[in-house]
Protein chains: 2
Amino acid sequence: MVSVITAMQPLEHIMEELEQAEGLEALQAATEALCDHYGIDHVVYHWVDSVGGQYGCGTYSDVWRARYLELNYVRVDPVILGCFQRFHPVDWKRLDWSSKAAKSFQAEAIEYGVGNQGYSVPIRGPNGQFALFTVSHSCNDTWWADWTEAHRRDLILIAHYFNQKALEFEPDRKPEQSQALSPREVDSITLLAMGYSRAQVADTLSISEHTLRVYIESARFKLGAMNTTHAVARALSRGLIVV
Amino acid sequence: MVSVITAMQPLEHIMEELEQAEGLEALQAATEALCDHYGIDHVVYHWVDSVGGQYGCGTYSDVWRARYLELNYVRVDPVILGCFQRFHPVDWKRLDWSSKAAKSFQAEAIEYGVGNQGYSVPIRGPNGQFALFTVSHSCNDTWWADWTEAHRRDLILIAHYFNQKALEFEPDRKPEQSQALSPREVDSITLLAMGYSRAQVADTLSISEHTLRVYIESARFKLGAMNTTHAVARALSRGLIVV
DNA sequence: TTTTCACTCCCCAGAAATGGTGAGGTGTAA
DNA sequence: TTACACCTCACCATTTCTGGGGAGTGAAAA
């Protein structure tokens, strides 16, 4: 194997490679280099797509990756759910593993080679883009605590660069989404997201319900939504409105 | 002036202060310490709320801050507009200053003491939270290019910590951890958020539409939502579902 | 200057969602 | 064993939403 002769790369070098990366392969290589550098089991970056589809790179086994996708584990994985509500990186131990589904998920993950320890950095981009950068290892709690404490800052930066590159490489993830809503449309969709009925919204905005409908429909059109609920969901997950 | 006797603090020290900060004043102090440390004119962190309301800390003059708020410059400021669509930090020179409104805004900003150079880091948190960390200075282009190149990584990290603290201090952004939804409820709400009608959802889940309604209603009850759209919006912004 | 776009208003009829109530089966946890 | 939460199904009448038209203003951009 050629890899035997590749010397362990210093972090600075890996970071620079990352900043200059020009394709997914370079990112994949970076995950492997990071594993080497830190001497840990896994380094993974993955983009959590709005459709539940995913994308990314990392050192998890193909079998596990396939299984994860096939069984749609995004909807179960406490790491995803937990990070989605957080801003700061989090140790897996601090997540909520209490549900039955989560427990069996965890057992299975370890079976497939994922470490018993993990640390994940949530990352968010424009238009509601969301991704995770995760490091995982098999070891005891104290070793892991020391390790994460020592490298937490680097991990945030690395996560940032991974996501930057992913956004660069994947321009087709946000083109259609770019359509911005007009102020009135934002008002309308926001109020609907707050639970008001059309009548109430029209009243609140002091416009006729007919006018309101025009806004909702044009917003729906811009967002490519099939109905009001869909429009609200899209506006929310793209960060166009905040409730 | 007392500030004469405060020695310039090393970055490491400022970062640690920041990580341990327990109030807005500490953040304010950090912006000032950073100015000192780097020898630049301004360091500003500010949270940009959807409603245009804002919040933050920094070294801009009070007059400028008041004016900015009063005239609702969030809707004009090319820095905000540009960063909102970007993930990576950006130099102000690369933004779109072409509109008339932007030009007069820029002139006015400089008049009020903002530097002619600037570098802003966009930051995003859960629930569509958005904030900016900005450094600004008056100098020529090459000096600024060298300076930003030298410190870009630190700036990303500092921005991260500022935002982490701001999120901590803002309690009303994460209080209501509502009841968890049952798996079927999650499915139902998720599919609704993806734009399916009730009939389609029932079909997809292979249950009767009546049953589906029970899920939707119980989910709505758990989420304290007034209607389906509201329930979807709440589930989304609480991170209970991922669309 | 012309065009484009946001904003406002109006009608109608059919499709979809809602609110209330009820009932039976399963499994887990106290 | 007894709760309790989850999953499944049903009917009623009413409210709300949706899809299809058309039309005029003013401001800003091309």
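Letters A, B, ... are given to chains in the order of the sequence lines, protein chains preceding strands, and every chain is numbered from 1.
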To the nearest Å, give me how far apart [atom1] ([X]) and [atom2] ([N]) are.
X        : N      : atom1 : atom2 : value
A:His210 : D:dT16 : NE2   : C1'   : 14 Å
B:Leu212 : D:dA10 : CG    : P     : 13 Å
A:Lys103 : C:dT28 : NZ    : C1'   : 13 Å
B:Phe221 : D:dA5  : CZ    : P     : 11 Å
B:Glu185 : D:dC7  : CD    : C1'   : 10 Å
A:Ile216 : D:dT16 : CD1   : C1'   : 11 Å
B:Ile189 : D:dC6  : CD1   : P     : 14 Å
B:Tyr215 : D:dC7  : OH    : P     : 5 Å

Reckon [X] has a side-chain N or O less than 4.0 Å from the OP1 or OP2 of [N]?
X        : N      : result
A:Ser197 : D:dT16 : no
A:Ser208 : C:dC9  : yes
A:Ser182 : C:dC7  : yes
B:Lys222 : D:dC6  : yes

If we count only N and O atoms by modelled type, under 3.5 Å, do the side chains of A:Asn227 and B:Tyr196 hold a donor and an acceptor together?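 A:Asn227 vs B:Tyr196: no donor-acceptor pair found between side chains.
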Please determine, by modelled atom types, if B:Gln117 and B:Asp41 share a side-chain donor-acceptor pair under 3.5 angstrom.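 Not at all, the side chains of B:Gln117 and B:Asp41 share no donor-acceptor pair under 3.5 Å.
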One pair to check against salt bridge (charged side-chain N to carboxylate O under 4.0 Å, His left out): B:Asp91 and B:Arg94. What are the steps and the verdict? CA-CA 6 Å; B:Asp91 191 290; B:Arg94 300 180 52 190; over 6 Å; no
Would you mind telling me which of [options] lies closest to the side-chain atoms of [X]?
X        : options              : value
B:Glu209 : D:dT8, C:dA17, C:dC9 : C:dA17
B:Arg184 : C:dC7, C:dC9, D:dC7  : D:dC7
A:Pro183 : D:dC17, D:dC9, C:dA6 : C:dA6

Is the distance between the ring centroids of A:Phe105 and A:Trp92 under 6.0 Å?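 Between A:Phe105 and A:Trp92, which both carry aromatic rings, the centre distance is not below 6.0 Å.
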For the aromatic rings, using the six-membered ring if either is Trp, is the centroid distance between A:Trp143 and A:His137 under 6.0 Å?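 Yes - the distance between ring centres of A:Trp143 and A:His137 falls below the 6.0 Å cut-off.
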Is B:Thr228 touching bases, backbone alone, or none of the nucleic acid, heavy atoms closer than 4.0 Å?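 It contacts sugar-phosphate atoms only.
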Among all residues two or more places apart in sequence or in another chain, which pass the side chain to side chain donor-acceptor pair (under 3.5 Å) test with B:Ser218?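 Side chain to side chain donor-acceptor pair (under 3.5 Å) check on B:Ser218 returns B:Glu185.
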For B:Val114 against B:Ser136, the heavy-atom pair lying closest together: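 Looking at all heavy atoms of both residues, the shortest contact is CG1-OG, 3.8 Å.
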Reading DNA chain D from 5' onward, which residue's closest nucleotide shows up sooner: A:Thr229 or B:Leu205?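 Going by which nucleotide is closer to the 5' end, it is B:Leu205.
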What pairs of nitrogen or oxygen atoms, one from the protein and one from nucleotides 19-22 of chain D, lie under 3.5 Å apart?
from   : atom 1 : to       : atom 2 : distance (Å)
D:dG19 : OP2    : A:Arg220 : NH2    : 2.2
D:dG19 : N7     : A:Arg213 : NH2    : 2.7
D:dG19 : O6     : A:Arg213 : NH1    : 2.7
D:dG19 : O6     : A:Arg213 : NH2    : 2.3
D:dG20 : O6     : A:Arg213 : NH2    : 3.2

